[in-house]
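Here the structure is a predicted model, which is why all the values come from computation and not from measurement. Counting convention: from 1, in listed order, for ligands and their atoms alike. Numbers here are sequence positions counted from 1.
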Amino acid sequence: MFVDKINLTLFSGSGGSGSISYNSKSSKTSPNGASGGDGGSIIVKTNKDLFDFSHIFSKSIFKADNGGDASKNLQSGKKADDLIIELPLGTSIFDQQGLVAVLLNENQELTLLNGGKGGLGNKDLKSARNPNPGIAEQGQKRIKKEVTFELSLITDIAILGLPNSGKSTLIKKITNSNAKTDSYPFTTISPNLGVIENLEDNYIICDLPGLIKGASTGVGLGKSILKHLINTKVLIFLLDPSNIELNIDEQINLLQNEVYSYEERLRQLPVLLVSNKSDLIKYDNDMINISALEEEGIDILLDKIRELNINTLKNVNKSFLRTDFMKNDFIIENYSDDYWEVTGNDVDRIINLTGSEIDVFNEISHRFENSGIPDELKLLGVKKGSTIKLGKFEFIYEE
Ligand SMILES: Nc1nc2c(ncn2[C@@H]2O[C@H](COP(=O)(O)OP(=O)(O)OP(=O)(O)O)[C@@H](O)[C@H]2O)c(=O)[nH]1
Ligand SMILES: [Mg+2]
């Protein structure tokens, strides 16, 4: 079963408690109570070999372990292991406030919940003010969070068409996919992935369920089909000249309408217009004519795909990370590969300074470098030489 959306409840682990003990038991001096162990965090990590959430479908609750309590006499509590949830590339993560992150890079890691800090024991609470504390901290309590993971497949090419146009027949002919085909509409109800292997590079292609009028507003499988286009680089509109309800031009119109009303940015993607079922009707213009069933014209289609140099193309999606759900409070957005904007409370704190220009600049650089922002930018794949906009300041990123 293909699972491309899942709701989960996450719990971080509580921190263990610190202890109260003393070197000298009789006089209760020289505190040596150790600290509790930190609770486990919940971390998500992308794995390029996953293509949906079926590996976690059977669980709706994930709990990280609690940290151990400290014992007496310098024996700290055990730190709990973090709980790592693996996710496919192309996962968007939502919490109750909205989008948290879009994970597009390999081995990208993100901590969704920090484990509770272990409480300090009386040894670590010693201070000049209180050299012999008779107190210890409890560990931080576990935190609960409801999240939704939603996948938009990462593919090179997506095949779109009305029901029955022959999309699954085509993917079966040009890849290793064993998609189901049949003469009734809506045979395909979830995407089929395949790899085209006989070009210079391997390309991932996906066959989607048939699109119908109103898909972009949610009719039929509507948006759950269209969302997979956000991470693809090329569209194939597979047209069916034997369709008695809509002629080829009407099919093109319908597909364009639904795709572009769903997401305007998809206009940037190259589209191959392919008329299928040429064994029945050949379409007489510059369209690519194929018969997926009889394997006619397939080489011409593959040549057209080769000419697109897909490796040089981009999808229209962008990485996204909203970190105010955790320790930090900033939002990073990239509007192009070399222009990134960071906004939010942390940024305001970093840049809210007055003084001479050079002092302000130095202090901002220092604060920026010591904030969580550079690490997150690195995670999102920012390149040296890119422009970073921090509030009203812009500067060039150097690793
Ligand atoms: N004559 C002819 N029939 C074809 C051709 N390609 C597909 N078909 C037939 O068209 C019907 C639908 O094919 P599918 O590949 O299941 O179509 P689909 O677009 O995946 O359909 P949905 O998944 O329902 O949207 C089947 O009966 C196929 O055998 C073709 O090139 N020529
Ligand atoms: Mg199909």
> Under a 4.0 Å N-O cut-off, is there an ion pair linking Asp240 with Lys277?
Replying inline: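 Salt bridge: yes.
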
> Which of parallel (below 30°), tilted (30 to 60°) and perpendicular (above 60°) describes Phe149 and Phe53?
Replying inline: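 Phe149 vs Phe53 ring planes: tilted.
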
>> Could you check whether any side-chain N or O of Lys233 sits under 3.5 Å from a backbone N or O of Leu269, counting only pairs where one atom can act as donor and the other as acceptor?
In response: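 No: the side chain of Lys233 does not pair with the backbone of Leu269.
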
> Between the main-chain N or O of Cys206 and the side-chain N or O of His228, is there a donor-acceptor pair closer than 3.5 Å?
Replying inline: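 Checked: no pair found.
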
>> I'd like to know: is the Mg ion (ligand 2) within the 2.8 Å range of an N/O/S atom from Ser168, strictly under that distance?
In response: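 A backbone or side-chain N, O or S atom of Ser168 is under 2.8 Å from the Mg ion (ligand 2).
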
>> With a cut-off of 2.8 Å, does Thr169 put an N/O/S atom close enough to the Mg ion (ligand 2)?
In response: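 So Thr169 does not count as coordinating the Mg ion (ligand 2).
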
> Given the rule in the side chain to side chain contact (heavy atoms under 4.5 Å, CB included) test, do Met287 and Leu239 qualify, once you have shown the distances and angles that lead to the verdict?
Replying inline: CA-CA 10 Å; Met287 209 170 283; Leu239 309 162; 3.7 Å; yes

>> Students should find this: residues with any non-hydrogen atom under 4.0 Å from ligand 1. What is the answer?
In response: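 Residues near ligand 1: Pro163, Asn164, Ser165, Gly166, Lys167, Ser168, Thr169, Thr181, Asp182, Ser183, Tyr184, Pro185, Phe186, Thr187, Thr188, Gly210, Asn276, Lys277, Asp279, Leu280, Ser291, Ala292, Leu293.
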
> In Å and rounded to the nearest 0.5 Å, what is the CG to CD1 distance from Asn315 to Ile230?
Replying inline: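 One finds 8.0 Å between CG of Asn315 and CD1 of Ile230.
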
> Which of these passes salt bridge (charged side-chain N to carboxylate O under 4.0 Å, His left out) with Asp38: Lys117, Lys79, Arg142?
Replying inline: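 Answer after filtering Lys117, Lys79, Arg142: Lys117.
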
